[in-house]
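Reviewing the structure listed below.
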Amino acid sequence: MTSALVVDAALALLVLGLALWVISTRAAYSAVVGFVAYGLLMAIVWVRLAAVDVAMTEAALGTGLTGLLLLGAAARLAPYEAAEVSSRPGRGLRMLIGLLCAAIALGLAAVVLMLPDPAPTLALLVAENLPPTGVGNPVTGVLLAHRAIDTLLESVVLIPALIGVWSVAADPAWGGRPGSLPRPQSGSALTLLAQVLPPFGILIGIHLVWNGADDPGGKFQGATVLAAMWILVLIAGLREPPAVRDQRLRVLLVIGALVFIGIGVAGIWLADAFLAYPEGYAKPLILAIEAVLTLSIALTLGLLLAGPPANDHRSGGRS
Amino acid sequence: MNGPTLFGLCGAALVGLGLYGLICQPGALRKILAFNLIGSGVFLLFGVIAKRGGGALSAAGLGVDGDPVPQALIITGLVVAFAATSIAVALLLRLAEISGRSTLERAGSGSHSPTHERAPAPERAA
């Protein structure tokens, strides 16, 4: 027990050190690199907290995709960075802010130390009600059966986010191809990777979704891996991102949420409640929802990374 | 002091650090990073609560270790955080493209002033 505590303490110190680096280092680019390392350590923390599903999501989405997004942004914003330093608050003001933030942190720490014992929990309820869903992974059971409304709202909220990203496009680029992805020189290594990795990545993604029913994994983790493979192919320049005015693309983006809502509404008649599943059909319906949601979420995540539409002709220097 | 409590304190410190960065760092990208740190600290606090709830479960003799309800909500939160971050980054890049600055100060107070649509398009750094 004590050796485990030493490992935990070292992990917590590393995480805090990296967080300090992220907020204090001078260059935004190195802050983002620190953030990626921080995210990977957080994934280990999640494993220590017995939350393997969360660890996978953190590593794939919170670190991988977010890291790529922020690295691209840091590189593009580097020319403006020098002007930022002049507008930092003065030393006295920073001290005051630091004190107030420390007070907030101390307040939260006090809450942590005063958490009720025994801890309130819904785990027993979940464990009792998991068998009727036919799903073995309690987190998947919660996401798609017990708290399906949260998951539905979340898969819907991704669409307005994407519309928001598309909306900042310049007028001439409206409806065109997304253009925020970094375009490195076409090196042979990247091209090779983009040709070799996707088959394995797609397999791993599907495996994560399929296994998510009974073991750690699930549609978000799987969809993130699929999106990463797509992004890899786009960055290597093997494929162009689709134009956002494409009707087929838009259908694929919303089909996940539509199927989820459709099955949910059918539940009103078949199982007496919105988003309830008829007895005996819970697992096939959950698998069907997961399959289409995975497709929609993967596409949405990839397009969120690809950014707003840019001018179709790429030769103008804006990529 | 046990592992979950330790990580709980770590989460509290992360919220404080992130809040400090959010207020003190002038660059908008740095603010986005700091905001993600705050979010991460909140998720960690919630994860600690999930772990403690699972402790009650294993005491009752069931194998599961961790309350799946908070864990599912954290996964949902991570996805929404990514969506929000991508919108923030898109807005920021567009702001830099149009006005030539990457801070949130009012247009008159900086050294640059906003000009029309595509005036100062600096060369891409990478």
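Throughout, a chain's letter reflects where its sequence line sits, starting with A, and its residues are numbered from 1. These numbers come from a predicted model, not from an experiment. Reckoned from all heavy atoms, side chains included, excluding hydrogens, waters and symmetry mates.
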Test item: A:Tyr38 side-chain N/O and A:Val22 main-chain N/O as donor-acceptor pair under 3.5 Å: no

Part of B:Val89 lying under 4.5 Å from any heavy atom of chain A: side chain

Under 3.5 Å donor-acceptor, A:Ser155 side chain and A:Leu152 backbone: yes

Check: B:Gly21 main-chain N/O paired with B:Arg30 side-chain donor or acceptor under 3.5 Å: no

Check: B:Pro4 main-chain N/O paired with A:Arg48 side-chain donor or acceptor under 3.5 Å: no

Exam field: side chain B:Gln71 to backbone A:Ala50, donor-acceptor pair closer than 3.5 Å: yes

Per-residue contact mode, A:Ala31 against chain B (heavy atom under 4.5 angstrom): both

Portion of B:Tyr20 that has a non-hydrogen atom of chain A nearer than 4.5 angstrom: both

Polar side-chain atom of B:Thr103 near backbone of B:Pro26 as donor-acceptor pair, under 3.5 Å: no

Option that, when pairs with chain B are counted at under 4.5 Å, heavy atom only, ranks first among A:Ala73, A:Gly141, A:Ala103, A:Ala110: A:Ala73

Which atoms of A:Leu113 approach chain B - backbone, side chain, both or neither, heavy atom under 4.5 Å: side chain

Max heavy-atom pair count under 4.5 Å with chain A, selected residue of B:Leu91, B:Val79, B:Leu95: B:Val79

When A:Ile104, A:Leu77, A:Asp53, A:Val32 are compared by non-hydrogen pairs under 4.5 Å with chain B, the top option: A:Leu77

Option that, when pairs with chain B are counted at under 4.5 Å, heavy atom only, ranks first among A:Asp150, A:Val157, A:Val45: A:Val45

Top of A:Leu305, A:Thr57, A:Leu93 for chain B proximity - count of heavy-atom pairs under 4.5 angstrom: A:Thr57

Contacting moiety of A:Gln221, where chain B heavy atoms sit under 4.5 Å: side chain

Contact winner vs chain B - A:Leu100, A:Leu11, A:Thr25, heavy-atom pairs under 4.5 Å: A:Thr25

Which portion of A:Ser24 sits near chain B, non-hydrogen atoms under 4.5 angstrom: backbone

Heavy-atom pair count under 4.5 Å with chain A, highest-scoring of B:Val80, B:Leu37, B:Leu29: B:Leu37

Greatest number of heavy atom pairs closer than 4.5 Å to chain A - which of B:Ser40, B:Gly11, B:Ala13: B:Ser40

Chain B interface, residue from A:Val7, A:Val15, A:Val142 that has the most non-hydrogen pairs under 4.5 Å: A:Val142

Region of B:Ile87 that comes under 4.5 Å of a non-hydrogen atom in chain A: both

Toward chain A, the part of B:Ala81 with a non-hydrogen atom under 4.5 Å: neither

Backbone N/O of A:Leu61 and side chain of A:Thr66: donor-acceptor pair under 3.5 Å: yes

Heavy-atom contact with chain A under 4.5 Å, split by part of B:Thr76: both

Pick from B:Val48, B:Leu44, B:Leu73 with the largest number of heavy-atom pairs that fall under 4.5 Å of chain A: B:Leu44

Point-to-point distance, once rounded to the nearest 0.5 Å, from CD1 of A:Ile297 to NZ of A:Lys219: 6.0 Å

Segment of A:Ala27 engaging chain B (4.5 angstrom heavy-atom cut-off): backbone

Flag, side chain of A:Trp21 to backbone of A:Ser30, donor-acceptor distance under 3.5 Å: yes

CA sep, side-chain torsions, deciding dist, call: B:Ile49, B:Asp67, side-chain contact (heavy atoms from CB on, under 4.5 Å): CA-CA 8 Å; B:Ile49 290 170; B:Asp67 189 346; over 6 Å; no

Criterion side-chain contact (heavy atoms from CB on, under 4.5 Å) on A:Ile23 and B:Leu33, from CA distance to verdict: CA-CA 8 Å; A:Ile23 64 160; B:Leu33 271 171; over 6 Å; no

side-chain contact (heavy atoms from CB on, under 4.5 Å) between A:Val54 and B:Phe43, worked out: CA-CA 10 Å; A:Val54 183; B:Phe43 292 147; over 6 Å; no

Heavy-atom proximity to chain A below 4.5 Å, by part of B:Gln25: side chain

Worked verdict on A:Leu71 versus A:Val33 for side-chain contact (heavy atoms from CB on, under 4.5 Å): CA-CA 8 Å; A:Leu71 280 176; A:Val33 173; 4.2 Å; yes

